[in-house]
Number of protein chains: 2
Amino acid sequence: MLSTEGILATLTENGGRETASRRLIAQAVAGRSAAFTAQEIYEELAPRGVGRATVFRTLNLLHERGLLNRLHIGEGCHSYTLCEPQHHHHLVCVRCGCVYPFGTPGDCTVVADVQRLAVRVGFVVEGHHVEVFGRCAECLST
Amino acid sequence: MLSTEGILATLTENGGRETASRRLIAQAVAGRSAAFTAQEIYEELAPRGVGRATVFRTLNLLHERGLLNRLHIGEGCHSYTLCEPQHHHHLVCVRCGCVYPFGTPGDCTVVADVQRLAVRVGFVVEGHHVEVFGRCAECLST
DNA sequence: GGCCGAATTGAGACTCATTCTCAAAAGAAT
DNA sequence: ATTCTTTTGAGAATGAGTCTCAATTCGGCC
Ligand SMILES: [Zn+2]
Ligand SMILES: [Zn+2]
Ligand SMILES: [Zn+2]
Ligand SMILES: [Zn+2]
């Protein structure tokens, strides 16, 4: 789980500044256990004066710096989840957005499986998305 | 590789019809070896009178019927690749869009890895996206 | 061929996420 | 407080994708 402070610390690396809007966004995001969209955060914070562009800018920044995962599930398309410190992927419920992490740090089986082929054809892997979607126990029982 | 005829045959299942626009789309799509977007197909066929909506409708249909894979790579977001008959995934070059399939039919390691966790937490897996991206040999040398 | 009902079409309006623009406001550091 | 830079929000702009709907086209049947 990421803390508000941790998020702000990342934002203020390299001469970045800690601002009121960023504090609000950090709070809104920290400790989430389900996937969320930029729009949701915006709607939550708009009444407190945070602009749409700022929410998108800040979430993008956190994604670039590795604190947020960007998912592409279903048609709504983009949503975010907090990144655990180690590399991993998620089971994501398509109904409620809740998230279960899986995958072993530094030893992602997806990478291993694929590396052989990549080497053979001279392909340099830059990254991967793995998204497993379905329904969580709770959503199944409702 | 899918043939124009194969695509049209799928489209005309269940009372579907073979039309001039669909023939053009099937031709434009068949035998592609790189990922492509709906927009690209539209631009290619617009001069011949094919409407935007028709391109999107038809590609969606082919995706639903399993002939096209829908990818979510990079920021452009959606692009398509032809599906091989068996389940598999792709290495996709982020620069030129070329595609190398990988993964074993009916025995997807991603599914296997994840199934144990899913069972434990009562999650029912409905599907997964796996997208590995990077640069192909040719793009690296340019 | 000609007729009919169903499937499909294209133009254009529309939606909605995301980005852009730019002048004003707010941080940080001196 | 001053100055310089980063960040901000409002609103316009973009762009992918969808929707609507009247007009057209299919395919099957006589
Ligand atoms: Zn759920
Ligand atoms: Zn991985
Ligand atoms: Zn390439
Ligand atoms: Zn798979």
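Look at B/Glu44 and B/Arg32 and you find a salt bridge, because one of the NZ, NE, NH1 or NH2 atoms lies within 4.0 Å of a carboxylate O, short of that distance.
Taking the nucleotide of DNA chain D with the nearest heavy atom to each of A/Arg48 and B/Glu18, the more 5' of the two is matched to A/Arg48. Residue B/Gly15 is the one, among B/Val55 and B/Gly15, whose nearest nucleotide of DNA chain C lies closer to the 5' end (criterion: closest heavy atom). With DNA chain D read from its 5' end, the first of the two nearest nucleotides for B/Ala53 and B/Gln39 is the one closest to B/Gln39. When each of A/Thr12 and B/Leu11 is assigned the nucleotide of DNA chain C bearing its nearest heavy atom, the one mapping closer to the 5' terminus is B/Leu11.
In this structure, the side chain of B/Arg135 does not engage the main chain of A/Val125 through any donor-acceptor pair within 3.5 Å. Formation of a donor-acceptor pair under 3.5 Å by the B/Arg65 side chain with backbone atoms of B/Thr10 is found in this model. Between the B/Thr54 side chain and the B/Val50 main chain, no donor and acceptor come within less than 3.5 Å of each other.
An OP1 or OP2 oxygen of D/dT7 is reached within less than 4.0 angstrom by no side-chain nitrogen or oxygen of A/Thr19. Dashed line: the shortest gap from a side-chain N or O of A/Asn60 to OP1 or OP2 of C/dT19 is under 4.0 Å. Within the 4.0 Å cut-off from OP1 or OP2 of D/dG17, at least one side-chain nitrogen or oxygen of B/His78 is found. In this structure, A/Thr54 reaches the D/dG9 phosphate: one of its side-chain N or O atoms is under 4.0 Å from OP1 or OP2.
Straight-line distance from the CZ atom of A/Arg23 to the C1' atom of D/dT8: 14 Å, rounded to whole Å. In this structure, the CZ atom of A/Phe56 is 12 Å from the P atom of C/dC20, given to the nearest Å. The OH-P distance, from B/Tyr42 to C/dA11, rounds to 7 Å in whole Å. Between the P atom of C/dA17 and the CZ atom of A/Arg70 lies a distance of 15 Å, rounded to the nearest Å. If you measure from atom CG of B/Leu61 to atom P of C/dA7, you get 13 Å, rounded to the nearest angstrom.
B/Arg57 comes within contact range of at least one nucleobase, with a heavy-atom separation under 4.0 Å. Backbone-only engagement by B/Arg22 is indicated by non-hydrogen atom pairs under 4.0 Å involving sugar-phosphate atoms exclusively.
Side-chain N/O atoms of A/Arg70 and A/His63 include a donor and acceptor closer than 3.5 Å.
For C/dA6, the base has a donor-acceptor partner in the side chain of B/Arg17 [N/O atoms by modelled type, under 3.5 angstrom].
Comparing C/dG27, D/dT8, C/dT18 by their nearest atom to the side chain of A/Ser21 picks out D/dT8.
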